[in-house]
Number of protein chains: 2
Amino acid sequence: MTASTLVPVFAALGDDTRWSILAALGGADASASALAEVLPVSRQAIAKHLAVLQDVGLVEPVRVGREVRYRVLGSQLAETARRLDLIGAQWDRRLATIKQIAEGLESE
Amino acid sequence: MTASTLVPVFAALGDDTRWSILAALGGADASASALAEVLPVSRQAIAKHLAVLQDVGLVEPVRVGREVRYRVLGSQLAETARRLDLIGAQWDRRLATIKQIAEGLESE
DNA sequence: CGCTTGTGCAACTCTTGGGTTGCAGCAATC
DNA sequence: GATTGCTGCAACCCAAGAGTTGCACAAGCG
């Protein structure tokens, strides 16, 4: 059941501050301290968010000298999207099946 | 900025119980009371979750006599997946751009 | 009409998690 | 080697939300 790993990703993406962090990292890789200068939250709060994002594989730490910069992994976003799309498609298929059955009943 | 409406959807999808509800509704439309007999939570808890799911457009209420059944909207899942995929693709494009620049520097 | 049953509203508990401050530690730099 | 600056850990506060119980109300059904 790979779906169990999917829910935490959505939980991670369900927070505005984390999207702000992802957006900031979209410009260039940055450390927690650097992000704290841009965003209206403390460095420690950002560090927590980065830990969450790293746990679900949305972000990757890169040591540069004595600081730790983070990079967004777009592939993980795409992968999550792919799996979500599959689920949505399954529901549509179910609806289609029900429609078929209903139409079959009508024509009898 | 349509992305602002995207975050609440992820927040809604970031809960295990709500996925259980969606899964149960995948079999057939059901009321909050019916779901309460299947899932290990109270009817009121389910009612709250259904309200959340309805707010973000993942589920739709259908009155049947004196009960209110809920139906999953797979199209909303697919739409969310599409938008998430676009975002992921943008990050990949940025990485590709950076790679191009780096390669350009090497060849000079 | 009375009974049953599904829904809706309200109040409450308790855990989770986002945010903060403070301090200790470590690694470059001068 | 001392200083500077970035990281990591810990404790704490507070709001949001997941879950519960209880009750009131409305709509079918005997």
Side-chain angles (χ1 to χ4, degrees), chain A residues 3-25 27-72 80, chain B residues 3-25 27-72 80:
Chain A
S4 59
T5 68
L6 200 58
V7 178
V9 178
F10 289 130
L13 291 176
D15 183 81
D16 293 305
T17 304
R18 280 194 279 269
W19 275 102
S20 300
I21 291 176
L22 289 177
L25 291 180
D29 299 352
S31 66
S33 300
L35 290 172
E37 293 176 356
V38 179
L39 300 177
V41 286
S42 67
R43 174 183 66 86
Q44 287 80 352
I46 291 179
K48 285 187 185 179
H49 286 303
L50 286 173
V52 173
L53 292 172
Q54 183 181 345
D55 279 344
V56 298
L58 284 172
V59 123
E60 189 185 44
V62 182
R63 283 215 78 101
V64 178
R66 65 173 164 174
E67 69 184 59
V68 180
R69 297 190 188 156
Y70 288 84
R71 166 198 307 152
V72 180
T80 301
Chain B
S4 58
T5 68
L6 201 57
V7 179
V9 178
F10 288 129
L13 291 176
D15 183 80
D16 293 305
T17 303
R18 280 194 280 269
W19 274 101
S20 302
I21 292 177
L22 289 177
L25 291 179
D29 299 353
S31 66
S33 301
L35 290 172
E37 293 176 357
V38 179
L39 300 177
V41 287
S42 67
R43 174 182 65 87
Q44 288 77 355
I46 291 180
K48 285 187 186 179
H49 286 302
L50 286 173
V52 173
L53 292 172
Q54 183 181 345
D55 278 345
V56 298
L58 283 172
V59 121
E60 190 185 43
V62 181
R63 283 215 79 101
V64 178
R66 64 173 167 175
E67 68 185 61
V68 180
R69 297 190 189 155
Y70 287 84
R71 166 197 307 152
V72 179
T80 301

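Reminder, nothing fancy here: chain letters follow the sequence lines and each chain counts from 1.
- Checking A/D15, A/L22, A/L25 one by one against A/L53, the side-chain contact (heavy atoms from CB on, under 4.5 Å) holds for a single residue, A/L22.
- Annotation: ring pair (Phe, Tyr, Trp, His ring centres under 6.0 Å) contacts involving residues 6-25 of chain A, sequence neighbours excluded, comprise A/F10-B/F10.
- Whole-Å rounding puts the B/E37 CD to C/dT7 P distance at 10 Å.
- Taking 4.0 Å as the cutoff to heavy atoms of chain B, we find the contact window on DNA chain D bounded by D/dA18 to D/dG28.
- The structure places CG of A/L58 at 11.5 Å from CD1 of A/I21, a figure rounded to the nearest 0.5 Å.
- Between A/L13 and B/L6 the shortest side-chain heavy-atom distance does not fall below 4.5 Å.
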- B/T80 vs B/V56, side chain to side chain contact (heavy atoms under 4.5 Å, CB included): CA-CA, chis, key distance, verdict: CA-CA 11 Å; B/T80 301; B/V56 298; over 6 Å; no
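- Nearest heavy-atom pair, B/T5 versus B/V9, reported as atom, atom and distance to 0.1 Å: O-CG2, 3.5 Å.
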- Message: Within the 4.0 Å limit for protein heavy atoms, which parts of nucleotides 17-30 of chain C are touched? Write it as a string from 5' to 3', B for base, S for sugar-phosphate only, - for none.
- Response: -SBBBB----BS--
What pairs of donor and acceptor atoms, side-chain ones from residues 27-51 of chain B against any protein atom, are under 3.5 angstrom apart with sequence neighbours left out?
| from | atom 1 | to | atom 2 | distance (Å) |
| --- | --- | --- | --- | --- |
| B/S31 | OG | B/A34 | N | 3.2 |
| B/S42 | OG | B/A45 | N | 3.3 |
| B/H49 | ND1 | B/R18 | NH1 | 3.1 |

List, one per line, each side-chain donor-acceptor pair under 3.5 Å for residues 60-71 of chain B, sequence neighbours excluded.
| from | atom 1 | to | atom 2 | distance (Å) |
| --- | --- | --- | --- | --- |
| B/E60 | OE1 | B/R71 | NH1 | 2.9 |
| B/E67 | OE2 | B/R69 | NE | 2.8 |
| B/E67 | OE2 | B/R69 | NH2 | 3.4 |

